[in-house]
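In this text, all values refer to a predicted model and were calculated from it rather than measured experimentally. Naming convention: chains lettered A, B, ... in sequence-line order (proteins, then strands); numbering from 1 in each chain. As a basis for the values below, the full set of heavy atoms in this structure was taken, side chains included, without hydrogen atoms, waters or symmetry mates.
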Amino acid sequence: MSVIVRFAPSPTGYLHIGSARTALFNWLYARHHQGKMLLRIEDTDRARSTREAVDAIYKGLEWLGIDWDETPVHQFERMQRHVEVAQELLAIGMAYPCYCTPEELDEMRKEARAKGQPIRYDSRWRDRSPDEAPPGAQPVIRFKAPQKGNTVIHDLVQGEVHVSNYQLDDMIILRADGTPTYNLSVVVDDHDMGITHIIRGDDHLTNTFRQFQVYQAMGWKIPHFAHIPLIHGQDGAKLSKRHGALGIEAYRDMGYLPEALRNYLLRLGWSHGNHEIISTKEAIEWFDLDHVGKSPARFDFIKLANLNGHYIREMKNDDLLNLLIPFMEKKRLTLNPEALDLLKRGMNGLKQRAKTLVELADNALFYVTIPNLDEGAQKILDIEGLELLKLMEGYLSSFPETRWTEKNLEDYARKIAEEKNLKLGKLVQPLRAVLTGKTVSPSVFEILHILGKDKSLKRLQKYISSNIN
RNA sequence: GUCCCCAUCGUCUAGAGGCCUAGGACGCUGCCCUUUCACGGCAACAACGCGGGUUCGAAUCCCGCUGGGGACGCCA
């Protein structure tokens, strides 16, 4: 039997980071088993579902590098089929109309809570004749759940989970307006789509019991379930907007690479021995449900940043430049071919020092624009610093352009430092300050070389001339 | 309130009764490399929540407690 999984988000907002991980696990499982990864948009909540959210889901998945097979199913379009199944359940006596008002239900819940009872509908219409229905009332249709015994599911992550059927009430499958509810729709769709493995967040674990009963009532084959733990914020509380429950596009905008996020998300709740850096190829090869942990994990931006730095360093300069461009353009810069060339050649030194594309863009700025000096840089250029700067300007201007390479410039500076009995750092920091506006940057000699003699000297001279008392 | 799930360094985790003096990674600290900062290398710090069992032997199995999370919608 081949594996068919699905990712079934509801388009009521952005693609949440936890959902992204669920999608990733599904995708890896499908690809590992050479099965199918299906997409189903659960858009039956018409009030909250939006076209924009659907697009955000597609875009988010694409950005993350997750693809899917076949045309996505829109749950709303399958409403007729869901109603049909409800009618069938009604016909075989596994469902019944219920005329309870929302007020009555509310009352029931309050009472149950007060008595320390489970909060559930008391099945008062289960065996009543519809003749007793209040005139003109539109009933909901409820599923006739077993009232005795237990329901047991064999979860591939959670193991065997039992619940007493007493805890489960007769859930509504058709609303008063005739539309189907979630717990019916999922079962019907999963069945019709031939889903073999349902991998989803463990917030759905309790729904599974109810869904299980519907499968049984319909005599349908029950798929395998795998409920993966949720992701928490750094403080262990539920992931909220404040700490990480952002849409996936927010991570893109913060300058994280999809391969880094994929690697990070994969290791959140799944492991393969001591492996930390895992390529997508390896992930597909290794992924299984046996090694999915059962406890929830906290989202840690620091570790994500570390991984991101790794993937930035690994990336080819050309590819990285392409990713960098939009981040540079956010700074309202127009990048002419010359600027692009400088960035490309400066990439080796730059990418070593950035954990995000945002950081990379900040650090790359000096290549394409005359920098303003930050506080530290100004401090370097005190009276002594300025003298050393003038000294170096002199030496550099007499240095032949034909020999203007990183290695030669370094040797030259070392020689000067030795002659003047100065530490190399002392001599070079003022250059860095003027060239980059910062105290921290790639190698000064690398920068001199990439900028070229002309540009480099102009920056030095401009600074010197504007600082002659 | 009721039910369900979970519990190893600060964080992510390895660990399927003896291989555990509990391993790796991130972070933190120190050192080396060094023109700054990174990268890289080396080292240090740091955990089996508590209490009972079972067993010759438990981080691993069982029970309880505590703590965390989730679900209890005519939302999905």
Between Y166(A) and the options Q147(A), R120(A), K148(A), the side chain to side chain contact (heavy atoms under 4.5 Å, CB included) test singles out R120(A)
Given the C1' atoms of C6(B) and A59(B), what is the spacing between them in whole Å?
16 Å
Please state whether the rings of F225(A) and Y215(A) are parallel, tilted or perpendicular, taking 30° and 60° as the class boundaries.
perpendicular
Between R109(A) and G73(B), is there a contact of a side-chain N or O with OP1 or OP2 at under 4.0 Å?
yes
Counting the atoms with a prime plus P, OP1 and OP2 as sugar-phosphate, which does H227(A) contact under 4.0 Å by heavy atoms, base, sugar-phosphate, or nothing?
nothing
Gap in Å between the two P atoms, one belonging to U8(B) and one to G1(B), rounded:
25 Å
Which base sits across from C19(B) as a Watson-Crick or G-U pair, both distances under 3.5 Å?
none
Ring geometry between Y412(A) and Y395(A) (parallel below 30°, tilted from 30 to 60°, perpendicular above 60°):
perpendicular
Are there more than 12 heavy atoms of other residues, nucleotides or ligands under 6.0 Å from atom NZ of K453(A)?
yes
Whole-Å distance separating the CG atom of L205(A) from the C1' atom of A71(B)
9 Å
Among C3(B), A76(B), U13(B), the one nearest V163(A) by side-chain distance:
C3(B)
Pi-cation contact, F299(A) with R21(A) (under 6.0 Å, within 45°):
no
Taking the same atom, C1', in G18(B) and in G57(B), what whole-Å distance lies between them?
7 Å
Table of protein N/O atoms under 3.5 Å from nucleotides 60-64 of chain B N/O atoms:
none

Between C75(B) and U60(B), how far apart are the two P atoms, rounded to whole Å?
45 Å
Taking the cut-offs as 6.0 angstrom to the six-membered ring centre and 45 degrees off its axis, would you call R210(A) and F143(A) a cation-pi pair?
no
Output the residues of residues 118-125 of chain A in contact with RNA chain B, where contact means a heavy atom of the residue under 4.0 Å from an atom of the strand; sort by number or write none.
P118(A), I119(A)
With heavy atoms under 4.0 Å as the rule, sort A297(A) into base, sugar-phosphate or nothing.
sugar-phosphate
Rounding to the closest angstrom, what is the interatomic distance between G24(B) and U66(B) at atom P?
36 Å
Nearest-0.5 Å distance that lies between atom CD1 in I57(A) and atom OG in S19(A):
8.0 Å
Considering every strand and a 4.0 Å limit on heavy-atom distances, what is the contact class for D169(A): base, sugar-phosphate, or nothing?
nothing
Using OP1 and OP2 only, check whether a side-chain N or O of K294(A) sits under 4.0 Å from C5(B).
no
C1'-based separation of G53(B) from G17(B) [nearest Å]:
15 Å
D300(A) has a side chain; which of A71(B), U11(B), C3(B) sits nearest to it?
U11(B)
Base, sugar-phosphate, or nothing for T44(A), non-hydrogen atoms under 4.0 angstrom?
sugar-phosphate
A76(B), C4(B), C6(B): which one has an atom nearest the side-chain heavy atoms of Q75(A)?
A76(B)
Side chain to side chain contact (heavy atoms under 4.5 Å, CB included), paired with T436(A), selected from I447(A), L373(A), N363(A):
I447(A)
If a protein heavy atom is under 4.0 Å from the base, mark B; if only from the sugar-phosphate, S; if neither, -; do that for nucleotides 32-40 of chain B going 5' to 3'.
--SBBBBSS
What does G27(B) pair with, Watson-Crick or G-U, if both distances are under 3.5 Å?
none
If I take atom CG in residue L268(A) and atom P in nucleotide G69(B), what distance separates them, rounded to the nearest angstrom?
17 Å
Separation of R46(A) atom CZ from C74(B) atom P, in whole Å?
20 Å
Between C1' on G73(B) and CZ on F143(A), what's the gap in Å once rounded to a whole number?
18 Å
R113(A), nearest nucleotide to its side chain (from C5(B), G70(B), G1(B)):
G1(B)
Whole-angstrom distance between C9(B) and U29(B), as gauged at atom C1':
15 Å
Of the residues in residues 342-351 of chain A, which ones touch RNA chain B at a heavy-atom distance under 4.0 Å?
none
Apply the test side chain to side chain contact (heavy atoms under 4.5 Å, CB included) to residues I199(A) and L289(A): give CA-CA distance (whole Å), side-chain angles for both, the deciding distance (0.1 Å), then the verdict.
CA-CA 9 Å; I199(A) 303 170; L289(A) 262 11; 4.2 Å; yes
Closest to the N183(A) side chain: C4(B), U2(B), A76(B)?
A76(B)
Which pairs count as salt bridge (Lys or Arg N to Asp or Glu O under 4.0 Å) when at least one residue sits in residues 352-366 of chain A, sequence neighbours excluded?
K331(A)-D362(A)
Is it the case that R40(A) places NZ or CZ above or below the six-membered ring of F7(A), under 6.0 angstrom from the centre and within 45 degrees of the axis?
no
For D203(A) and C5(B), what is the distance between atoms CG and P respectively, to the nearest whole Å?
16 Å
Does R210(A) place a side-chain N or O at less than 4.0 Å from the phosphate oxygens OP1/OP2 of G73(B)?
no
Within the 4.0 Å heavy-atom criterion, would you say C100(A) contacts the bases, only the backbone, or no part of the nucleic acid?
base
Within the structure shown, what part of the strands sits under 4.0 Å from Q158(A) by heavy-atom distance: base, sugar-phosphate, or nothing?
sugar-phosphate
If I take atom CG in residue N165(A) and atom C1' in nucleotide C72(B), what distance separates them, rounded to the nearest angstrom?
15 Å
Look at the aromatic rings of W270(A) and F287(A) and report parallel, tilted or perpendicular, splitting at 30° and 60°.
tilted
For side chain to side chain contact (heavy atoms under 4.5 Å, CB included), just list the numbers for L15(A) and Y58(A), CA-CA rounded to whole Å, side-chain angles, deciding distance to a tenth of an Å, and then say yes or no.
CA-CA 9 Å; L15(A) 177 62; Y58(A) 291 154; over 6 Å; no
Once you apply a heavy-atom cut-off of 4.0 Å, does G201(A) come out as touching a base, just sugar-phosphate, or nothing?
nothing
To the nearest angstrom, how far is D202(A) atom CG from C6(B) atom P?
9 Å
Whole angstroms only, please: what is the CD-P distance between E160(A) and C5(B)?
11 Å
Sort me out a list of protein N/O and nucleotides 14-18 of chain B N/O pairs below 3.5 Å, or just none if empty.
residue: A14(B); atom: OP1; partner: S271(A); partner atom: OG; Å: 2.8

Would one find more than 12 heavy atoms of other residues, nucleotides or ligands at under 6.0 Å from atom CD of E107(A)?
no
With a non-hydrogen cut-off below 4.0 angstrom, is L230(A) in contact with a base, only sugar-phosphate, or nothing?
sugar-phosphate
